[in-house]
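See structure below.
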2 protein chains.
Amino acid sequence: MTGNRAGATLEQVAAHIGVSRQTVSNALNAPHKLHPDTLERVQAAIEELGYRPNRSARGLRTRSSGMIGYRLTPRDRGVLTPLMDDFLHALCAAAEARDRHILLFTAPLGDEGLSVYADLLAQRAVDAFVLAETVVGDPRPGWLAERGVPFAAFGRTWGPGQAGAWVDVDGAHGMAQVVEHLHSLGHRRIGFLGWREGDGVGDDRLRGWRGSAEGLGLSTEDGLIVRGANTIDAGRSGAAVLLNSAEPPTALVAVSDAVALGALALLAERGVSGGVAVTGFDDSPLASATLPGLTSVRQPLERVAEHILLLLDNQSVSGSLLRPELVVRASSERR
Amino acid sequence: MTGNRAGATLEQVAAHIGVSRQTVSNALNAPHKLHPDTLERVQAAIEELGYRPNRSARGLRTRSSGMIGYRLTPRDRGVLTPLMDDFLHALCAAAEARDRHILLFTAPLGDEGLSVYADLLAQRAVDAFVLAETVVGDPRPGWLAERGVPFAAFGRTWGPGQAGAWVDVDGAHGMAQVVEHLHSLGHRRIGFLGWREGDGVGDDRLRGWRGSAEGLGLSTEDGLIVRGANTIDAGRSGAAVLLNSAEPPTALVAVSDAVALGALALLAERGVSGGVAVTGFDDSPLASATLPGLTSVRQPLERVAEHILLLLDNQSVSGSLLRPELVVRASSERR
DNA sequence: CTGAAAGCGCTTACAG
DNA sequence: CTGAAAGCGCTTACAG
């Protein structure tokens, strides 16, 4: 951290202690090849001069940039996905732990977007990609796999024959934890506020609710299910439908925090907050900001990011399904 | 976009049409130096071979990486700042328009974080930095300016003698638009739900409310102001304080969307939604997701990002203050 | 264990 | 307007 912007070069470090450039390079890349005394001298010189290998030079020589490409998803107004924010942070930290960095880019969805990936590759600006928010029919996994480009996806593509490595969170298991939690509190009629059919993540969570409810001998009849958009409004109106039914549930399991927030709002308006339990999913900032605090399911984003980096280096594992964690707050407790 | 991962080199393009490497390089970097016919031939070859200059090679030679460093802020749980998400997207797009990319990194706040900046610079991994969410006493602007590192900040540092270029949104002007809007709808007693004193942004917005209210002859007495955290809860309890006062306001101006949401929730609970106007600030996804839609002030993030990129290349401008835009929705309309 | 050499793919003065 | 040359800073076989 000397003031010089230019920065020392490997050559200068070598000259400083009278060894060859090769020796300094070895100290960095193959320390076992050096005599311990020499290694120590070199390391001291590196420290003293604040030397750091030039990324471009190293990249040119090794044919790798040390960069991992990540497409930033444009946010639709009105859609709440604070989760990807946290994931990006976790991914960034995981990359840094391996002396790599995230290169951000934007690209259209679908086939048109592929030229951006091709361009980044042609420039050798990135070594690999991390895919997030893959959709059904996403062309990217196949396209990258064909070209032998290392990549890993956060989220299964839910299509047949998925190409490439993925890491995902076991939404069904998360929902099962929620249902068991509510059951243990005495709830015997549990409604589900879901997304519209066709979303892999949403359908997986619904499966989890249904499977565990059935396993506990609870009803999963159609009248207990309302589906809609991933908005606060949809949660509010969905909750109204369930609570106005002939045999209303005593607990509302929402597919996401946004939907759960709508249900909480409705209960607050009706002044029946105390009677009906509500749960969300994702443990977004919203979950702990609201009153009562929202019981939710936390995605293990740090572990997801770690696994993704692992898969990038080791393409022999095809996928990992990680278990999320139930976070209990006041919204699920009967009062 | 031929299938070859290796990618063509400048040399191969040159050989393909029998010119020297220099000619191809000129076609890219100084096209005016070439005969139009030659230029066309080279461009055709570049297109045909899908040639893109190798970033590492170019970076090594030009001593610039084409990368702009951006520190990802770790999110505290319970704090809603969807805005930075959108800013990052705008920044990424603006960088791409200039054939540059964003390199993400994490770093601790304060002086300890500076070594991360030093490291990135020593590796020549980035050419410049974009600073966001600068805080009072932030060491980064001074540190970077001292070293002659190009940078620009989103947000004034609010301290004396700010180093380096900045772009910011005129929060006071945004608030003035809000107050004038409410005044034109007939409101004569307008409360303010703010953040605690000491936050540059929050204080600026309060100034805007006060200044325009006074200009319109409205009261700005202390009893019309409640300050607290940037949470939904704080908005809820703050709204309760104002509405329970002896002379309650007919409109609540919140310093942020999160705070406004709390106010809306309280009104919904009390069943008086129709009587009291509420406004937010930032026009976050929350603003349009809620019912009634939240009148808010939209930060011109695309223009902020454009200006920041401009300042990076032209350090002769010290700052730009951009005007935000009022977005009127149902929450501010008397019914 | 250490040192001299080649070369990654580009850009940019410099001659012609 | 075009071409041969040097060199950016590194890594990695290859001799010694």
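Chain A is the first sequence line, chain B the second, and so forth, proteins listed ahead of strands; every chain is numbered from 1. Worth saying up front: this structure is predicted, and the values here are computed from it rather than measured.
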4.5 Å side-chain heavy-atom contact, [X] and [Y]:
| X | Y | result |
| --- | --- | --- |
| Ile46(B) | His16(B) | no |
| Pro150(B) | Asp127(B) | no |
| Phe151(A) | Tyr117(A) | no |

Would you mind pulling out the nucleotide paired to dA4(D), Watson-Crick or G-U wobble, both distances under 3.5 Å?
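Check on dA4(D): unpaired, no WC or wobble geometry under 3.5 Å.
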Which residues in residues 33-40 of chain A have a heavy atom closer than 4.0 Å to any atom of DNA chain C?
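Lys33(A), Leu34(A), His35(A), Thr38(A), in order of number.
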Using atom [atom1] of [X] as one end and atom [atom2] of [N] as the other, report the distance to the nearest whole Å.
| X | N | atom1 | atom2 | value |
| --- | --- | --- | --- | --- |
| Asn26(A) | dC1(C) | CG | C1' | 9 Å |
| Asn29(B) | dA13(C) | CG | C1' | 14 Å |
| His32(B) | dT12(C) | NE2 | P | 11 Å |
| Arg124(A) | dC8(C) | CZ | P | 12 Å |
| Leu60(B) | dC8(C) | CG | P | 13 Å |
| Tyr51(A) | dG9(D) | OH | P | 10 Å |
| Arg41(A) | dC1(C) | CZ | C1' | 13 Å |
| Gln123(B) | dT11(D) | CD | P | 11 Å |

Are any of [X]'s side-chain N or O atoms less than 4.0 Å away from OP1 or OP2 of [N]?
| X | N | answer |
| --- | --- | --- |
| Asn54(A) | dC10(D) | no |
| Thr62(A) | dT12(D) | no |
| Ser20(B) | dT2(D) | no |
| Arg58(B) | dT11(C) | yes |

Of the listed nucleotides (dT11(C), dT11(D), dT2(D)), which one gets closest to any side-chain atom of Arg21(A)?
dT11(D)
Checking contacts here: which listed nucleotide (dG3(D), dG9(C), dC10(C)) is nearest the side-chain heavy atoms of Arg63(A)?
dG9(C)
May I ask you to check whether over 12 heavy atoms, not counting those of Arg323(B), lie within 6.0 Å of atom CZ?
no
With a 4.0 Å cut-off on heavy atoms, is Ser25(A) in touch with a base, just the backbone sugar-phosphate, or nothing at all?
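Base contact - Ser25(A) has a heavy atom under 4.0 Å of at least one base atom.
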Check: dG9(D) base within 3.5 Å donor-acceptor of Glu11(A) side chain
no
Distance-minimising heavy-atom pair for Asp170(B) and Pro324(B)
O-CD, 3.4 Å
Taking all non-hydrogen atoms of both residues, which atom of Arg71(A) and which atom of Ala107(A) are closest, and how far apart?
NE-O, 2.7 Å
My understanding is that only residues two or more places apart in sequence, or in another chain, count here; which of them pass side-chain contact (heavy atoms from CB on, under 4.5 Å) with His101(A)?
Arg55(A), Met67(A), Glu96(A), Leu103(B), Phe105(B), Leu120(B)
Please determine whether a side-chain nitrogen of the Lys or Arg among Glu48(A) and Arg41(A) lies less than 4.0 Å from a carboxylate oxygen of the Asp or Glu.
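Between Arg41(A) and Glu48(A) there is no salt bridge, as every charged N stays at least 4.0 Å from the carboxylate O atoms.
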Both Arg61(B) and Gln22(B) contact DNA chain D. Taking the nearest nucleotide for each, which residue is further toward the 5' end?
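It is Gln22(B), whose closest nucleotide lies nearer the 5' terminus.
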